[in-house]
Amino acid sequence: MVLYAICALSKGWSRSSAGRAIANTWLLTQAAVDITRRRDERRPVIQAIRRMLMALLLTIALFGANKGQADFPDEQARATEGQMTDDERFAMIISFHGSIGGLNGVRDKRIPADVSMSAGYTPGVPRLGVPALHMSDASLGITNPGYRPDDKGATALPASIAVGASFNPRLARDGGAMIGREARIRGFNVMLAGGINLARDVRNGRNFEYYSEDPYLTAVLGAEAVNGIQGEGVISTLKHYTLNCNETNRHWLDAIIDPAALRESDLLAFQIAIERSQPGSIMSAYNKINGEYAGGSNHLLNEVLKGVWGYKGWVMSDWGAVPQWDFALAGLDQESGAQLDMMMWKVEPFTGPLRKAYAEGKLPKERLSDMVRRILRSIYAVGIDKWPPAPNVDMAKHNAVALEIARQGIVLLKNEGDLLPLAADKPLKIAVIGGYAQLGVPTGTGSSAVLPVGGYAIPIGGPAIVEDLRNLFLLPSSPLAELRKLLPKAKIEFDPGQTPAQAVWLAERSDLVIAFGIRVEGEGYDLADLSLPGRQDAVIEAVAAANPNTIVVLETGNPSSMPWRDRVKAIVQAWYPGQAGGQAIAEVLTGRVNPSGRMPITFPVDLAQTPRPTLPGLGASWGTPITIHYDEGAEVGYRWYAKQNLKPMYAFGYGLSYTTFEYTDLNVSGGDTVTVTFKVINTGKVTGADVPQLYLTEAPNEKRIRLLGFERVELKPGESRQVRLEPADSRLLARFDGKAGQWQIAAGTHRIALGKSARDLVLTGSVDLAGRLFRK
Ligand code: BGC
């Protein structure tokens, strides 16, 4: 029995969790006890043996649990790698981009005929039980940009920036789990998810794929998305490591920043997210950081990620981001989509050149083994080598996940005279104008774009989705149709909003106007300015002049300039709200859902307020080297506005509700870090959710603002709740000393505030902290 238990313990049951290990061993222990009990209940010697046996087994269990969690994947990876040939090793450190009529229109022969197309394919080693890697994008649902003709579509979640606006980690996890399940049924075992770059620049085409401008909020949500995916047995990345905060000519972009400031901001988001979710892989970014490509940065990969942070998974490149084989020496473990490197740099560095370097002794054997072991380790740690039967996927439930994220992500920015919510029992005459609201809601474009079940509402211009081939993609969830469902007594008419003069006709004969403003944003390019394309701003301006009861719904991934802001009564920021977005918008407008989203990024009054009124390189032709100085350093977003003493248009953390909330009884305790308790009360007339936010506002000798914690609290009218915000992550209270390579919390009084946004600080307190230095 004991032998059986030891064998079982050493064989691999402990693949992913100590809890499972203990549970399994407990079962074995019980079996042993049952057998001895059956033999003879009365004999004291047997009872003593039984007790010893139990003690022994429990010791093994606890030892095995710790061992299983900490070392097992490493040991298994080491054992497997030791049995591999060099050919097998080299095959594992590269992935090929799958294409049917895609890149060059030719299927790459290195992808076997029976392998389904994907963003990346790496062969397995069947004789050693190592599965092939099948990779797909990812963060907003399973994509299929023309690779798999038999794939009829997946659940299209709202943009990650909407998850950011929900301030709700549980939703991020639900979205991740949904993605994991839809990946499983397609055979994808690696998700290129977890986009956690900070929204540093309001023109960045990919901000919709990221969560926020704040490292902590971003990290918490990104980590939960990864936990959701990996909880379904699918590896997830966190990406793009790091500072890929603008898209223009990203392959030639040199992002300049003070290294210490980077540790306090973009890298801190990665560090916290990695600690909270143990992603199987990290995808390095396209750009350079301080003159060195992200994928070839010894400092960022070997020293920080794998060294100081002790990251054990593998680093894959972004697609077409590896010009040289010696990135392998700097810490890159896998070249992704190798054919894209051939297109970009006329070389596939990890095939021929890396093998040559190996033969010449320039790539040490130990490094090659390490690259392979890191991949194997994640395979074993997440368990993609032993998939249980595919899960049942209930698309209706997945639609409900998309709907809930959209609902909680919508931010009510303005609601003068409580024009919203719209009363369902009145025979209102409503004008719905623009934004293709009769057809659906837009999505961001690029590698994250998800083809929904049933296809896009209007596939203008074909399937191309990246860079110069950008198009408008509408998910077929029509706000107009949904409004008609929820307001059966109203007379709702639609005008496409093509010209101001025409839109005014309908506005004038209506009781109120709901005008939609949309903008396509996406991968590979940045916005020239914050206006709404075409004549949308002029249309809104005109209808607002014609009808004082104008509501604007914005479907964008970034702020817009809103020149008409003072002349409309209500503004709703709906982001790219996903496949159930039309329904969520209608529910918020009619009060079925009380808006609870909060701004995950600051909306500036204009670009002049931002750190870079002019963005270097905008409009430069493909291939032009660009240098962007991120001189704001760690003072990203709301921290920049506070430091410059600027009042933005809408602050980080801001968002209205149809009810009101009050905070009382703030208690703060110090020591090593800050912990607070306080009470939130719903003082209004309807149920709603609030997101109280805790900020550091001053450290000894330094005024600086920093989000330390938050919690989404749902309350009925009159209800109150005591909230305790978990002890703040020490790094949020510290500054990083680049020379010493250490975090430093200054000893002394720190001021904190509980707020409704980064600018609306309601209760304040102060706390004494012990000074401290720490490395990680
Ligand atoms: C994007 C990545 C994506 C990859 C594979 C790249 O262009 O930057 O985010 O995962 O393509 O599709």
Side-chain angles (χ1 to χ4, degrees), residues 94-99 102-103 108 111 117-122 133-148 151 154 159-160 179 183 186 188-197 204-211 222 225-226 229 234-253 255 270 279-287 293-295 314-322 334-345 444-451 463-470 521-526 557 622:
I94 194 156
S95 75
F96 300 110
H97 183 86
S99 55
L103 295 171
D108 195 306
I111 305 176
M117 296 289 92
S118 64
Y121 163 76
T122 297
L133 302 181
H134 301 276
M135 309 178 182
S136 175
D137 290 287
S139 300
L140 319 184
I142 312 297
T143 66
N144 182 15
Y147 303 140
R148 300 177 306 279
D151 190 330
S160 296
I179 289 167
R186 290 169 169 81
F188 289 129
N189 50 18
V190 180
M191 282 290 101
L192 310 170
I196 59 163
N197 294 89
N204 179 25
R206 280 184 105 170
N207 276 351
F208 76 94
E209 280 189 66
Y210 306 139
Y211 293 99
V226 171
I229 294 170
V234 174
I235 290 173
S236 178
T237 56
L238 280 173
K239 67 187 187 184
H240 310 86
Y241 185 82
T242 183
L243 215 59
N244 189 173
C245 295
N246 283 98
E247 283 295 294
T248 306
N249 275 344
R250 55 191 177 169
H251 296 84
W252 298 274
L253 163 63
F270 274 96
S281 182
I282 299 292
M283 187 192 295
S284 57
Y286 279 120
N287 50 290
Y293 272 113
W314 89 95
V315 180
M316 66 168 74
S317 71
D318 202 339
W319 272 236
V322 188
Q334 192 179 48
E335 178 188 4
S336 307
Q339 310 96 317
L340 275 92
D341 283 321
M342 184 54 88
M343 281 169 69
M344 285 293 309
W345 314 108
T445 64
S447 57
S448 68
V450 177
L451 178 75
I465 51 168
V466 196
E467 282 143 12
D468 53 333
L469 299 169
R470 56 198 196 239
E521 298 167 30
E523 184 174 341
Y525 62 99
D526 296 313
W622 172 253

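Counting begins at 1 with the first residue of the sequence. Remember, it's 1-based here, ligands and their atoms both numbered in the order they're listed.
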### Query
Hey, does E523 come in under 3.5 Å of ligand 1, counting only N/O atoms on both sides?
yes

### Task
For residues S95 and T122, determine if any side-chain heavy atom of one lies less than 4.5 Å from a side-chain heavy atom of the other.
yes

#### Entry: Closest to atom 5 (C) of ligand 1 among D137, T143, N244 (heavy-atom distance)
D137

### Contact check, side chains of Y147 and S136, non-hydrogen atoms, under 4.5 Å
no

### Query
Can you tell which of L133, I94, D108, I111 makes a side-chain contact (heavy atoms from CB on, under 4.5 Å) with Y121?
I111

### Query
Are N207 and E521 side-chain neighbours, meaning at least one heavy-atom pair lies under 4.5 Å?
no

### Query
How does R206 reach ligand 1, by side chain, by backbone, by both or by neither, if only non-hydrogen atoms under 4.0 Å count?
side chain

### Task
Give the numbers and elements of all ligand 1 atoms closer than 4.0 Å to a heavy atom of S447.
1 (C), 2 (C), 3 (C), 9 (O), 12 (O)

### Message
So for H97, does at least one of its heavy atoms come nearer than 4.0 angstrom to any atom of ligand 1?
### Response
no

### Query
Looking only at non-hydrogen atoms, which of L340, D318, N197 approaches atom 11 (O) of ligand 1 most closely?
D318

#### Entry: R250 and ligand 1 - part of the residue with a heavy-atom distance under 4.0 Å
side chain

### Atom indices of ligand 1 within 4.0 angstrom of L192 heavy atoms, with elements
5 (C), 10 (O)

### Message
Using modelled atom types and a 3.5 Å cut-off, is there a donor and acceptor pairing between side-chain atoms of S139 and backbone atoms of G194?
### Response
yes

### Message
Taking the side chain as everything from C-beta on, heavy atoms only, tell me whether E523 gets closer than 4.5 Å to R250.
### Response
yes

### Query
Is the ring centre of H251 less than 6.0 Å from the ring centre of Y286?
yes

#### Entry: M135 to ligand 1, any heavy atom closer than 4.0 Å
no

